[in-house]
Amino acid sequence: MIDLKYLQNNFDEAAGKLKKKGVDSAVLENLQALFSALKEANAQLEAAKAEQNAMSKLFGQYMRESKDISELKLKVDANKESMVPLQEKARAAEEALYAVALGIPNFPDDSVPEGADEEENVELRKVLEPKTFAFKPKEHWELAEINGWIDFERGVKLAKSRFSVLKAEGARLERALINFFLDTNRAEGFEEFCVPFLNNSMMLQGTGQLPKFEEDLFKVEEEDLYLIPTAEVPLTNMYHDEILSAKDLPLLMTGYTPCFRKEAGSAGRDTRGMIRQHQFDKVEMVAIAHPDHSDEIFEMMVRNASDILTVLGLPHRVVELCGGDLGFSAAKTIDLEVWLPGQNKYREISSISNTRDFQARRAKIRFKDEKQNRLVHTLNGSALAVGRTLIAIMENYQNEDGSITIPAALQRYM
RNA sequence: AGAGAGGUGGCCGAGUGGUCGAAGGCGCACGACUGGAACUCGUGUAUGGGGCAACUCAUCGAGGGUUCGAAUCCCUUCCUCUCUGCCA
């Protein structure tokens, strides 16, 4: 959630920032008004409560001193009565405020380029040249068929469309990649975690998936539980509503989880193959950082994810997202796009974001700095999306006969 | 899943209707003592919100209720422990 005090005190500046994300300033004016209304309502209610508390205290004193309480009782009853509408007003004001506030995206950093959509993202650099093939490179689903690595039909039978089954070498390569990623992240200082794949609504709200993006999530019937869309949710919320010690920062976490997404807005996109599935494996990095150091940790995370691709010999480019393409919670995001020769284009394989204090405010993750409690910065990034790495390896390491060479870095994991 | 017990501050643990945001202990911080340390003694030590100083509101697992007043009584719910059942 954005800092409402900041919005109130620096309205024009705040509105200017959110314009980059396409948020209309009228929405913010409304939010500001709701915030003022809540403060006003709370002030009134609190004054009445203070009076009530004072009279109740006096009441106890009268009782002890055996004084007559009948007159006081009348006063205190009247005050109590008068509090009812104030209570309702404050409750309604709070509800109205949060209904809007939780749907406002994070401020982008000032350095984030202007732009409406992914067309205006900025390529920062390319790493490794795509190699030229002496034959027409095949798409991964053709290679999957030739090698018997992926069974799309039975995935659909078992669940529904956008599910698939990995088998034989394909399944083993998936597992090898997970281990390789976890080991690499661990060597970079990330602690490894195995976390629940179902999280409750409070956690999903903490990282920003709820309440706005409920339609993207798989929910368990009759339970307050959702299948996680990314390990960012459990890893970041590990410290939900906790106050950390400054000396514990940064907390660097990594974990493998499957991720579940409804892909509600993606009907018709990437329907063929394994690019866009309802369930996919991912190894995630999450950092809980001191605000003064989140930038350097962000750079480290980008470098780490890029290095993994380089070690695997996968050509990729590093792209900074423009304001319009930035996710809801992110202040700054860098995507890594891997080269897919079969598709003849770069496709997203990692997304690394600094959410600054946006998630920390929602999830109440703070640290003690001297005497003061301050919000941490939270960062997350894939290192890497496993299924898409598998696809990238298939397409980049394919031979003319359709066979696939396992990259040297992975051979000891197979 | 059924039966019983219980959830109080960083930790342990008192508190069954008012002076309790909460005794006592441990831990921690500062000070005294010491050549230095331990011991001892003294002082302090939850979080969030509003004013941002005085002050004030909220919080004793969570949510609701009774009451002038709730850690304390009632209801719902979550969690933990023990026994039984089941399962990996």
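Values reported hereafter were calculated over all heavy atoms of this structure, with side chains retained and with hydrogens, waters and symmetry mates removed. In what follows, chains carry the letters A, B, and so on, assigned in the order in which the sequence lines appear, proteins first and then strands, with residues in each chain numbered from 1. Keep in mind it's a predicted model, so treat the numbers as computed, not measured.
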| message | Whole angstroms only, please: what is the CG-P distance between Leu74(A) and U67(B)? | response | 16 Å
| query | Which residues satisfy the salt bridge (charged side-chain N to carboxylate O under 4.0 Å, His left out) test with Glu174(A), sequence neighbours excluded? | reply | none
| Spacing of the C1' atoms in G10(B) and G85(B) (rounded, Å) | 39 Å
| query | Once you round it to whole Å, what is the distance between C1' of C57(B) and CE of Met83(A)? | reply | 11 Å
| message | Just to verify, what does Lys17(A) make a salt bridge (charged side-chain N to carboxylate O under 4.0 Å, His left out) with, not counting sequence neighbours? | response | Asp110(A)
| message | Between C1' on G10(B) and CG on Leu244(A), what's the gap in Å once rounded to a whole number? | response | 14 Å
| Using 4.0 Å as the upper bound for N to carboxylate O, is an ion pair formed by Glu263(A) and Arg162(A)? | no
| Pair partner, A54(B) [Watson-Crick or wobble, under 3.5 Å] | none
| request: For nucleotides G18(B) and A70(B), find the distance between their C1' atoms and express it as a whole number of Å. | output: 10 Å
| query | According to the Watson-Crick and G-U wobble definitions, with both distances under 3.5 Å, which nucleotide is paired to G17(B)? | reply | none
| message | Using whole Å, what does the distance between atom P of nucleotide U77(B) and atom CE of Met202(A) come to? | response | 18 Å
| Of all pairs that satisfy side chain to side chain donor-acceptor pair (under 3.5 Å), the ones with a partner from residues 28-51 of chain A, not counting sequence neighbours | Gln8(A)-Ser36(A), Gln8(A)-Lys39(A), Glu40(A)-Gln44(A), Gln44(A)-Lys89(A)
| field | Spacing of the C1' atoms in C41(B) and U34(B) (rounded, Å) | value | 14 Å
| query | In chain order, what residues pass the ring pair (Phe, Tyr, Trp, His ring centres under 6.0 Å) check against Phe180(A), with sequence neighbours excluded? | reply | Tyr413(A)
| remark: Sorted by chain and residue number, the salt bridge (charged side-chain N to carboxylate O under 4.0 Å, His left out) partners of Glu320(A) (sequence neighbours excluded) come out as Lys332(A)
| request: Tell which nucleotide pairs with A1(B), taking only Watson-Crick or G-U wobble pairs whose two distances are both under 3.5 angstrom. | output: U84(B)
| Taking it one step at a time, do Lys80(A) and Asp77(A) satisfy salt bridge (charged side-chain N to carboxylate O under 4.0 Å, His left out)? | CA-CA 5 Å; Lys80(A) 197 184 181 187; Asp77(A) 281 343; over 6 Å; no
| Of Lys80(A) and Ala47(A), whose nearest nucleotide on RNA chain B comes first from the 5' end? | Ala47(A)
| Distance between C1' atoms of U72(B) and G65(B) (Å, rounded) | 15 Å
| task | Sticking with atom C1', work out how far U84(B) lies from G13(B), rounded to a whole angstrom. | result | 32 Å
| P gap between G50(B) and U66(B), integer Å | 29 Å
| task | Could you check how far CG of Asp241(A) sits from P of C78(B), rounded to whole Å? | result | 20 Å
| request: Under a 3.5 Å limit for both distances, which nucleotide forms a Watson-Crick or G-U wobble pair with G9(B), could you say? | output: none
| field | Ionic contact status for Arg91(A) with Glu94(A), cut-off 4.0 Å | value | no
| Quick one: Asn200(A) CG to C79(B) P, roughly how many Å, whole number? | 10 Å
| field | Distance in angstrom units between Ile365(A) CD1 and U47(B) P, rounded | value | 18 Å
| request: Tell me, please, which residues at least two apart from Tyr346(A) pass ring pair (Phe, Tyr, Trp, His ring centres under 6.0 Å). | output: Trp339(A)
| field | Among A58(B), U47(B), C68(B), the one nearest Lys368(A) by side-chain distance | value | U47(B)
| message | Strictly by Watson-Crick or wobble contacts shorter than 3.5 Å, is anything paired with G69(B), and which nucleotide is it? | response | none
| Is there a Watson-Crick or G-U wobble partner for G27(B) with both distances under 3.5 Å, and which nucleotide is it? | U45(B)
| query | Would you say the side chain of His290(A) lies within less than 4.5 Å of the side chain of Phe367(A), judging by non-hydrogen atoms? | reply | yes
| request: Let me know the distance between NZ of Lys49(A) and C1' of A58(B), rounded to the nearest Å. | output: 7 Å
| Nucleic acid contacts - residues 50-70 of chain A versus RNA chain B, non-hydrogen atoms under 4.0 Å | Ala50(A), Gln52(A), Asn53(A), Ser56(A), Phe59(A), Gly60(A), Met63(A), Arg64(A)
| field | P gap between A71(B) and U19(B), integer Å | value | 9 Å
| said: Tell me which pairs pass side chain to side chain donor-acceptor pair (under 3.5 Å) where either residue lies in residues 277-287 of chain A, with sequence neighbours left out. | reply: Ser164(A)-Gln277(A), Thr230(A)-Lys282(A), Tyr256(A)-Asp281(A), Lys282(A)-Glu284(A)
Quick test: give all pairs of protein nitrogen or oxygen and nucleotides 48-52 of chain B nitrogen or oxygen below 3.5 Å, distance rounded to 0.1 Å.
{"unit_1": "G48(B)", "atom_1": "OP1", "unit_2": "Asn373(A)", "atom_2": "ND2", "d": "2.7"}
{"unit_1": "G48(B)", "atom_1": "OP2", "unit_2": "Asn373(A)", "atom_2": "ND2", "d": "3.2"}
{"unit_1": "G49(B)", "atom_1": "N2", "unit_2": "Glu46(A)", "atom_2": "OE1", "d": "2.7"}
{"unit_1": "G49(B)", "atom_1": "N2", "unit_2": "Glu46(A)", "atom_2": "OE2", "d": "3.3"}
{"unit_1": "G50(B)", "atom_1": "OP1", "unit_2": "Lys5(A)", "atom_2": "NZ", "d": "3.4"}
{"unit_1": "G50(B)", "atom_1": "OP2", "unit_2": "Lys5(A)", "atom_2": "NZ", "d": "3.3"}

| task | Using both distances under 3.5 Å as the test, list the Watson-Crick or G-U wobble partner of A32(B), or none. | result | U40(B)
| task | Between U80(B) and C57(B), how far apart are the C1' atoms? Round to whole Å, please. | result | 32 Å
